[in-house]
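For reference, the structure discussed in these notes is given below.
Letters A, B, ... are given to chains in the order of the sequence lines, protein chains preceding strands, and every chain is numbered from 1. All figures in this text were calculated on a predicted structure; none of them were measured in a lab. Every heavy atom of this structure was used, including side-chain atoms; hydrogens, water molecules and symmetry mates were not.
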There are 2 protein chains.
Amino acid sequence: MTGSFYPPQRTLMGPGPSDVPARVLGALARPTLGHLDPLFVGLMDEIKGLLQYAFKTRNELTLPVSAPGSAGMEACFVNLLAPGDTVIVCANGVFGGRMKENVERCGATAIMVEDEWGQPVSIDKARAAFAEHPQASVLAFVHAETSTGVRSDAAALCALAREHNALSIVDTVTSLGGIELDVDGWGADAVYSGTQKCLSCVPGISPVTFSPRAVERIQSREHKVQSWFLDMQLVMGYWGGNSKRAYHHTAPVNALYALHESLVMLQDEGLEAAWARHARHHAALVAGLEAMGLSMAVAAEYRLPQLNAVNIPAGVDDAAVRSALLNEFDLEIGAGLGALAGKTWRIGLMGHSSRERNVLTLLAALESVLGRQGAAINSGAALPAAQAILAG
Amino acid sequence: MTGSFYPPQRTLMGPGPSDVPARVLGALARPTLGHLDPLFVGLMDEIKGLLQYAFKTRNELTLPVSAPGSAGMEACFVNLLAPGDTVIVCANGVFGGRMKENVERCGATAIMVEDEWGQPVSIDKARAAFAEHPQASVLAFVHAETSTGVRSDAAALCALAREHNALSIVDTVTSLGGIELDVDGWGADAVYSGTQKCLSCVPGISPVTFSPRAVERIQSREHKVQSWFLDMQLVMGYWGGNSKRAYHHTAPVNALYALHESLVMLQDEGLEAAWARHARHHAALVAGLEAMGLSMAVAAEYRLPQLNAVNIPAGVDDAAVRSALLNEFDLEIGAGLGALAGKTWRIGLMGHSSRERNVLTLLAALESVLGRQGAAINSGAALPAAQAILAG
């Protein structure tokens with residue numbers, strides 16, 4: 001017979017999920033309402049308004065897709081593409097590659113703009129791709145690459161798409177709530193995110209927003225969206241502005257309580273204050289790691305404050321370090337992905353995980369584990385360096 | 001500024017979600033683990049075993065899709081179909097119509113076997129469809145139609161599919177945990193369900209199971225599955241049996257805690273005992289409603305014990321009754337859908353909602369509301385009739 005499951009309280013400093021505050025877990029466990037209950041419909045309206053605030057947009061079609069970020073990605077592609085379309089896809093990590101898969105499964109052609117993992121998307125290469133493929137109807141890119149910890153210039157890429165009369169699809173899974181994100185200011189067209197990164201909500205939901213240009217393309221489609229579940233023409237009927245909600249699917253009611261609470265917390269702190277908090281703790285972490293003798297994998301100008309790729313020192317056993325952190329300190333950090341597997345760690349300071357306690361705990365725990373592994377580190381230097389930044 | 005949301009404690013007796021027990025809500029709110037944490041991977045293995053028990057199957061490919069039941073439906077269709085395929089779809093309510101949408105969005109042809117809403121699927125009509133379309137590769141039907149409260153003969157329909165060398169796709173969203181369901185005994189091939197009905201877990205997850213025949217068809221596909229998110233060849237890498245889990249998407253960790261707990265509760269009660277409980281409370285509800293002077297919309301032999309379609313008495317204001325139940329008693333029942341809108345109520349006795357307290361509360365509340373609406377009912381007869389069954 002299988003018994004109940006009682007997980008330990010981990011400190012989540014990997015690439016997501018991040019630490020979920022007790023306040024959000026409390027909201028998650030409130031009594032379930034029916035998905036057509038008038039009170040729940042009121043909650044949906046509030047979530048929409050809060051997401052508009054977080055995304056900095058007035059887009060009417062702003063809602064949480066009832067599935068994880070990869071379904072949010074798919075929602076953007078299947079709604080904007082039809083067979084035969086050409087899409088310019090910028091890839092500088094794992095998630096650009098996943099976008100290519102999405103394009104091809106829509107029967108469209110992906111023109112790849114490849115940059116090295118650890119580098120941002122090159123605007124010049126993307127411009128050259130448009131010159132060569134002027135028929136491209138969409139430009140897709142990742143704002144904050146979770147696999148490498150790199151930020152690309154979303155404003156410039158969205159502007160480039162508009163110059164060429166193409167729509168932009170922007171992955172903001174790891175950026176929403178952590179760094180500047182300005183959907184209307186950028187003129188981004190289809191933007192998806194996740195709940196388990198800088199919003200510090202539980203995983204499983206994908207906030208999305210579509211510009212009026214994107215909605216126009218959706219409404220003028222001649223080819224039905226290949227996914228019934230993700231068809232925004234149907235989802236709009238349930239999440240749309242009119243008072244009569246049409247049943248589409250059963251919303252994940254309790255997960256939306258949690259999302260609502262995490263968005264209320266973001267609103268109460270203020271977007272700019274949340275971005276500043278992420279920047280401050282990032283600076284402290286970097287100061288500590290560098291004082292210890294470690295080096296960052298990404299150049300300072302492109303670094304994501306919420307996801308820190310650190311080079312694994314020569315001779316150190318990647319998996320053993322991560323296991324020791326987990327088993328001794330209940331502390332999770334992320335492994336490298338793809339080309340960076342075994343070469344970097346990914347240390348997340350996302351949302352509720354971006355706080356002083358986490359920075360100091362990670363530095364002390366890592367110093368302890370690396371020291372016992374015989375790595376050449378400067379003992380005792382990390383915490384004072386981080387504390388100097390935090391005090392500053 | 002938007003504040004926190006505090007829902008009231010409703011009694012959920014509609015078509016789902018059903019009442020979620022405190023024990024499941026407690027599990028939901030436990031500390032979040034990373035989706036690649038070894039402890040979480042252990043939990044995934046337990047969930048798989050518990051789902052195999054609930055579905056009565058030894059199918060290796062048994063897992064919870066990270067999205068609601070309509071995504072589980074889509075997972076079955078997109079993985080088993082390719083453009084040009086022919087599928088026999090049995091429709092006797094809303095969800096057969098949704099299956100047709102899924103088939104067509106896969107580029108396949110749906111041969112519709114239509115039965116009246118409120119009637120079960122006709123085996124003879126389905127057999128005739130195979131005779132006319134021997135190339136059909138799949139037979140799809142709904143075991144328990146949530147829109148009408150009707151049970152179809154799943155064993156006979158699965159056998160019919162096998163006779164014709166076709167795979168079966170079976171919607172068990174409303175049946176899993178509530179009435180007999182025997183995936184291996186029936187030889188069903190692709191079966192999907194939901195968490196928010198007779199499992200009394202929160203909404204948002206869709207358990208699925210695929211037979212070895214279905215897996216063989218998936219593995220021999222020449223045409224990529226059109227959904228990246230739902231591609232079972234990829235999902236298998238994360239949920240599969242081998243010890244090395246490949247990251248596919250971030251699992252909805254906390255929702256899976258809740259699913260695990262609800263499945264442990266089902267295991268502890270025992271499948272057959274859970275089915276018997278649903279049957280007993282159904283009998284009590286029907287006795288009470290009939291004693292009150294109301295009539296059931298579905299013939300006794302096809303009725304679902306967990307979803308009771310009741311004819312709305314002439315002259316009674318459907319919406320006013322449902323609103324009064326909700327506002328005065330915090331009690332939700334369901335409206336009719338589609339052809340049955342305004343003609344029936346749907347009273348759910350699913351999972352944790354299938355208990356004596358709910359039967360008696362519903363009867364008393366409905367009698368009170370109908371009495372004040374001036375409906376011709378037999379006052380005072382309902383509860384003794386129900387209690388006689390419960391005492392029986």
Side-chain angles (χ1 to χ4, degrees), chain A residues 1-10 12 14 16-17 20 25-35 37 39 43 46 49-50 66-71 74 98 101-102 104-105 194 196 202-204 224-229 249-255 257 260-261 264 267-268 326 332, chain B residues 1-10 12 14 16-17 20 25-35 37 39 43 46 49-50 66-71 74 98 101-102 104-105 194 196 202-204 224-229 249-255 257 260-261 264 267-268 326 332:
Chain A
M1 299 289 272
T2 302
S4 295
F5 178 72
Y6 295 96
Q9 176 80 55
R10 303 285 204 206
L12 298 177
V20 181
L25 291 174
L28 183 64
R30 288 185 189 132
T32 305
L33 289 177
H35 56 291
D37 192 304
L39 295 174
L43 180 79
E46 289 191 3
L50 290 163
S66 303
S70 38
E74 194 159 317
R98 187 173 296 184
E101 278 287 334
N102 271 274
E104 292 173 352
R105 288 167 194 241
Q196 79 282 14
V202 290
K224 263 193 188 176
V225 172
Q226 66 193 36
S227 169
W228 185 90
F229 174 58
H249 65 275
T250 303
V253 173
N254 290 69
Y257 295 165
H260 180 270
E261 191 73 16
V264 166
Q267 163 211 265
D268 290 351
L326 195 65
E332 177 179 273
Chain B
M1 300 289 273
T2 302
S4 295
F5 178 72
Y6 296 95
Q9 176 80 57
R10 304 285 205 207
L12 299 177
V20 181
L25 291 174
L28 183 64
R30 288 185 189 131
T32 305
L33 289 177
H35 56 290
D37 192 304
L39 295 174
L43 179 79
E46 289 190 3
L50 290 162
S66 303
S70 37
E74 195 159 317
R98 188 173 295 185
E101 278 286 335
N102 271 274
E104 292 174 349
R105 288 169 192 239
Q196 79 282 14
V202 290
K224 265 194 185 175
V225 172
Q226 67 194 35
S227 169
W228 185 91
F229 174 59
H249 65 274
T250 303
V253 174
N254 291 70
Y257 294 165
H260 180 271
E261 192 72 18
V264 167
Q267 162 211 267
D268 290 352
L326 195 65
E332 178 180 273

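- Residue A:Ala71 touches chain B through both its backbone and its side chain, counting heavy-atom pairs closer than 4.5 Å.
- Residues satisfying the salt bridge (Lys or Arg N to Asp or Glu O under 4.0 Å) test with A:Arg98, not counting sequence neighbours, are none.
- Heavy-atom distances place the side chain of B:Leu50, and not its backbone, under 4.5 Å from chain A.
- Scanning both residues, B:Arg105 and A:Gln226, for their nearest heavy atoms gives CB-O, 3.4 Å.
- Ring geometry for A:Phe5 against B:His260 counts as perpendicular: the plane angle is over 60°, on a 0 to 90° scale with 30° as the lower cut.
- When the candidates A:Asn102, A:Val264, A:Asp268 are compared by the number of heavy-atom contacts under 4.5 Å with chain B, A:Val264 comes out ahead.
- For the set A:Val202, A:Val20, A:Leu43, the entry with the most heavy-atom pairs within less than 4.5 Å of chain B is A:Leu43.
- For the pair B:Leu33 and A:Pro17, the minimum side-chain heavy-atom distance is 4.5 Å or more.
- With respect to chain A, the highest number of heavy-atom pairs below 4.5 Å among B:Leu326, B:Asp37, B:Val225 belongs to B:Asp37.
- For a residue to count as touching a neighbouring chain, one of its non-hydrogen atoms must lie under 4.5 Å from one of that chain's; by this rule A:Leu12 touches chain B with the side chain only.
- Annotation: side chain of A:Arg10 is not in contact with side chain of B:Pro31 (no heavy-atom distance under 4.5 Å).
- Proximity to chain A involves both the backbone and the side chain of B:Gln267, based on heavy atoms less than 4.5 angstrom apart.
- Contact annotation for B:Gln9: both backbone and side-chain heavy atoms come within less than 4.5 Å of a heavy atom of chain A.
- Nearest heavy atoms, B:Pro252 versus A:Gly204: CB-CA, 4.0 Å.
- By the ring pair (Phe, Tyr, Trp, His ring centres under 6.0 Å) test, A:His249 is found to be paired with A:Phe229, residues two or more places apart in sequence or in another chain being considered.
- Proximity to chain A is limited to the side chain of B:Glu74, based on heavy atoms less than 4.5 angstrom apart.
- When atom types are taken as modelled, the side chain of A:Glu46 and the backbone of B:Thr2 share no donor-acceptor pair closer than 3.5 angstrom.
- Using a 4.5 Å cut-off between heavy atoms, A:Val253 touches chain B through backbone and side chain atoms alike.
- Shown here for B:Asn254 and A:Pro203, the closest heavy-atom pair between the two residues is OD1-CD, 4.4 Å.
- The choice from B:Ala251, B:Ser4, B:Gly69 that makes the most heavy-atom pairs within less than 4.5 Å of chain A is B:Ser4.
- Here B:Pro68 is the residue among B:Pro68, B:Ala27, B:Ala67 with the most heavy-atom pairs under 4.5 Å with chain A.
- If you take NE2 on A:His35 and CD on B:Glu332, they are separated by 8.0 Å, rounding to the nearest 0.5 Å.
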